[in-house]
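Here the structure is laid out as structure tokens; the discussion comes afterwards.
It should be emphasised that the depicted structure is a prediction, and the values quoted were computed from it without experimental measurement. Throughout, a chain's letter reflects where its sequence line sits, starting with A, and its residues are numbered from 1.
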Amino acid sequence: MTVRTRFAPSPTGFLHIGGARTALFSWAFAKKHGGKFILRIEDTDVARSTTEAVQAILDGMNWLGLDYDEGPFYQMQRMDRYKEVIQKMLQEGSAYYCYSTREELDALRESQMQQGLKPRYDGRWRPEEGKVLPEPPSGIPPVIRFKNPKDGNVVWNDLVKGEISIANQELDDLIIARADGTPTYNFCVVVDDWEMGITQVIRGDDHVNNTPRQINMLKALGATVPQYAHLSMILGDDGQKLSKRHGAVSVMQYDEDGYLPEAVLNYLARLGWSHGDDEIFSMQQFCEWFDLDHITPSAAQFNTEKLKWLNAHYIKLADRDYLVKDITGRLAQLNVSVSAQPDLVAVIDLYKERTNTLNELAESIVYFYRKPSIDHVAAEKHLVADIKPALENLTELLRTVDWNAEAIHHAINEVVTKFQLKFPKVAMPLRVLLTGIAQSPSIDQVMVLLGRCEVLARIAEFK
RNA sequence: GUCCCCAUCGUCUAGAGGCCUAGGACACCUCCCUUUCACGGAGGCGACCGGGGUUCGAAUCCCCGUGGGGACGCCA
């Protein structure tokens, strides 16, 4: 049987890191097995679903390069089909109308909680052999409930967590259609997973508790039950649960923050999944290696430091043209327009080995295109008066020296020797004057790129 | 409260009864490289939640405890 997996987000927000990993694992699993990956938008909560959120999810998938073979399917466009199935269930007796009001149900729930019971529907409208149902009240539009089996256990072999067994007694008759007739999540999932021929449902483990209900409905419909793989959640850097209020950010935020999609993908792949000691690998390699057997069942804490490490790695490998385009954009954000000189390609080459994010890279090269403000601490330490004669002497040499790193280096050495100094004694003030700070690549290389005219101008600032 | 799940260095993890005096990676520390800061290289610090079993032998299997998480919606 061909593998068919799906990613089924609800469009109530952006694509966050947890969703992205779920999507990545589903995608990789399909790729690994030569199957199909399907995108399905679960938008049946009309009140909370937005087209902006749909777009945000699509953007996130696109940025990560998680392409889908089918879809996106929208559940709201499949209403007719859901209603058909519900009618069939009503006729067959696996579903029934329930006239309980929300107030009634709230009261029920509360009293059950007080008694230390698990809150659940008590089945007052559930048709039963020899049971006399109350007369349907007028003016109350009924919901439709699934008639869940009363006895036995629902058991499935979760591909991540192993065998999970839940007693039917723990389950109640869930609502599959609201009073306004629209079907609810648990029901739509069942119909869709069935009719879309999903073979492996890979999703967050907040759905573990929904699984037995879905299996029961699948069985009631005579459908094949797919395999399930429940991924544990991703915690924030601080070990706290991610939520809209706390730490959950869009994957697109990582783009804005200067992370490469390759880095995010590689990081996510390794978060909760492993292939021996391998840490750095391409998505192609990942798709070949990926399996459900090596997914950790426990929750994982996000670690930005490690993401940065991977990002630094991928920046070193990044395509030149890509970097130039990207960095030009980031510089523009900093109100820096890139002039022809110094050549941005050369500048990036000089810095890409020493940077963690693209934002850092952009910020650290601003001084090539705009005169830097001098850091006070650095100035105090290195721009001392007694170095002035040496710098003046260097200035003279720089006016006529061949403008390449070797010649410049030689010129600095000449001054160093003449004034009986150590190399850094001259290099550091130079560095501060030229870049504004005390850290930079090799100073002669910086000077080559900055250009003779600009170098002389900046040294002259030292009064 | 009830049900379900989880538990190896600070973090991500390797580990499917002997290969484990528990391996790798990030972070941290030291040293080397050096023109500063990085990069890179070499070292170092650092963990099997507790208690019982099973077994010749347990990080690995079982039970109990503890801790953490999830679910209990006319949300998904």
Side-chain angles (χ1 to χ4, degrees), chain A residues 8-12 42-45 47-49 75 98 100-102 105-106 109 112-120 141-145 158 160-162 164-167 169-172 174-180 182-186 188-189 203-212 230 232-233 235 237 239 241 267 270-280 293-294 296-310 312 316 351-356 364 378 382 409 412-413 416 422-428 430-432 435 437-444:
Chain A
S10 69
T12 54
E42 311 217 319
D43 53 358
T44 53
D45 184 356
R48 293 198 301 156
S49 297
Q75 290 187 321
C98 166
S100 296
T101 61
R102 289 171 199 261
L105 295 172
D106 288 345
R109 218 183 334 266
Q112 287 169 327
M113 289 281 254
Q114 270 173 2
Q115 292 171 60
L117 298 170
K118 186 172 180 169
R120 76 249 272 191
V143 299
I144 299 170
R145 289 184 184 270
D158 196 276
V160 171
K161 294 177 182 285
I164 298 179
S165 170
I166 293 172
Q169 285 180 358
E170 295 297 330
L171 272 24
D172 63 359
L174 76 159
I175 291 170
I176 58 176
R178 303 178 176 92
D180 66 4
T182 57
T184 58
Y185 164 75
N186 269 297
C188 298
V189 166
R203 69 204 334 181
D205 73 356
D206 47 334
H207 289 291
V208 166
N209 294 276
N210 292 324
T211 306
H230 287 102
S232 55
M233 52 186 299
L235 275 20
D237 259 311
K241 186 195 172 180
Y267 179 74
R270 206 47 201 68
L271 194 63
W273 176 84
S274 61
H275 183 267
D277 289 338
D278 294 304
E279 295 286 350
I280 294 178
D293 301 334
H294 291 85
T296 321
S298 52
Q301 189 171 315
F302 197 89
N303 185 238
T304 305
E305 289 304 318
K306 189 162 178 181
L307 206 214
K308 277 187 185 164
W309 169 70
L310 278 166
K316 286 175 202 163
Y351 268 86
K352 71 176 181 183
E353 298 275 332
R354 43 194 301 121
T355 190
N356 285 324
S364 60
H382 300 292
H409 189 85
I412 298 174
N413 262 334
V416 163
K422 298 270 190 203
F423 193 95
K425 194 74 184 148
V426 177
M428 289 310 295
L430 217 40
R431 181 167 276 124
V432 173
T435 72
I437 58 175
Q439 304 81 35
S440 85
S442 190
I443 196 62
D444 39 33

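Between L117(A) atom CG and rU2(B) atom P the separation is 9 Å, expressed in whole Å. The CG-P distance, from L105(A) to rC72(B), rounds to 15 Å in whole Å. Nucleotide rG73(B) holds its P atom 15 Å from the CG atom of D206(A), rounded to whole Å. When rounded to the nearest whole Å, the span between CD of E353(A) and P of rG40(B) equals 9 Å. As rounded to whole Å, 15 Å separates atom C1' of rC3(B) from atom CG of D205(A). In this structure, I437(A) places its CD1 atom 15 Å from C1' of rU35(B), rounding to the nearest Å. Protein atom CD1 of I166(A) is 9 Å distant from nucleotide atom C1' of rC5(B), rounded to whole Å. The distance between atom CD1 of I164(A) and atom C1' of rC5(B), rounded to the nearest whole Å, is 7 Å.
When the side-chain nitrogen and oxygen atoms of T182(A) are compared with OP1 and OP2 of rC74(B), none of them lie within a distance under 4.0 Å. For the OP1/OP2 pair of rG40(B) and a distance below 4.0 Å, the side-chain nitrogens and oxygens of K316(A) include at least one atom meeting the criterion. OP1 or OP2 of rG70(B) sits under 4.0 Å from a side-chain N or O of K241(A).
rA71(B) is paired with rU2(B) under the Watson-Crick or G-U wobble criterion, all donor-acceptor distances under 3.5 Å. Base pairing of rA7(B): its partner is rU66(B), meeting the Watson-Crick or G-U wobble criterion (both donor-acceptor distances under 3.5 Å).
Residues forming a salt bridge (Lys or Arg N to Asp or Glu O under 4.0 Å) with E353(A) (at least two apart in sequence, or on another chain): none.
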Sugar-phosphate means primed atoms, P, OP1 and OP2; the rest is base. With that split, encode nucleotides 6-15 of chain B 5' to 3' as B, S or - using protein heavy atoms under 4.0 Å.
SS---SBSSS
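Checked by distance alone, S440(A) brings no side-chain donor or acceptor within 3.5 Å of a matching partner on the base of rU36(B).
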List the steps and the verdict of side chain to side chain contact (heavy atoms under 4.5 Å, CB included) for R270(A) and L310(A).
CA-CA 11 Å; R270(A) 206 47 201 68; L310(A) 278 166; 5.9 Å; no
